[in-house]
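Residue numbers begin at 1 in each chain, while the letters A, B, ... track the order of the sequences.
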Amino acid sequence: MTSTPQSTTIDELVNRRLEELLPLKIAQGVEEALRAREEAKVPALAIIASKGTLDWAYPPFILGSTAAALGWDVSIFFTFYGLGLLKKDISDLKVSPLGNPGMPMKMPFGPEWFQGIDWNIPNLVQAGVPGFETLATKLMQQTIANKGVAGIDELRELSLEAGVKFTACQMTVDLFGFRHEDFIGGIDYAGAATFLPVAREADVTLFI
Amino acid sequence: MHFDKELDARGLNCPLPILRTKKALAELASGQVLHILATDPGSVKDFAAFARQTGNALLASNAHDKEFEFFMQRK
């Protein structure tokens, strides 16, 4: 078929118009496909819990249980001192104000003006008084109860109930001389090679 | 406002009101409404975010003095 001069002009015009429109259309299509995929994906959270004091026990369990309540997939890897959070009995978690100038020392009892005082106790005194850490922990536990903040055992239970996956670092279990019987049931024992692919797929990854 | 179930989360702090709400909603049928009472000032923003993320509808969010109430409809 031979083109008449008129149809050549029409072809050129159509081509030029298509070249203008196609990139826009393609970009729009890709954007929509990406958005659809993003909306269909269940968000995932991967946390490394590496600390074993009463205060640091809160963030992994609060974020883990809340993310699960939002419908997210949640995995928490417990390593080093964080392993202590998986022990059957976690009523002995302690908090230390020693060398922690960010921690307010307030009394959870007595009249309001008394509870408002921030006791600035020197490190030397904190270090020298036997049982100071135990006392500070008792006061913190009382404050937690007074303020309606959940206990760590309750948050851990709620996390498990909501389907949060717990993994213990086997290397640390060996290093610290723990036995699997020391820990609650329903947890996996694995290493870094297990965590990394989970973290890679996760939308949010936290080291706590 | 009509509701099918009530959850008293007064005196509880973050994240307990949200976790209890999630549990209570699971016991409702689609379209039923949960009435939540709370005292945690952070719950106002938290319940809005919870609704956005889970697709359950936050029908109303009211503050009275130091108490908050929410009506949430299960999707």
Interface moiety of L158(A) toward chain B, non-hydrogen atoms closer than 4.5 Å: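 It is the side chain, since no backbone atom gets that close.
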Which atoms of L63(A) approach chain B - backbone, side chain, both or neither, heavy atom under 4.5 Å: neither
Plane angle bin for F70(B) and F68(B) - parallel if under 30°, tilted between 30 and 60°, otherwise perpendicular: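 Parallel, since the angle between the ring planes stays under 30°.
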F80(A) and F176(A) aromatic ring geometry - parallel, tilted or perpendicular at 30°/60° bounds: perpendicular
Side chain / backbone / both / neither for R20(B) at chain A, heavy atoms under 4.5 Å: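 For R20(B), the side chain is the part near chain A, not the backbone.
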D188(A) with K165(A): basic N within carboxylate O range, under 4.0 Å: yes
Charged N-O contact under 4.0 Å between R156(A) and D153(A):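 So R156(A) does not pair with D153(A) through a salt bridge.
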Chain A interface, residue from L19(B), T54(B), T21(B) that has the most non-hydrogen pairs under 4.5 Å: L19(B)
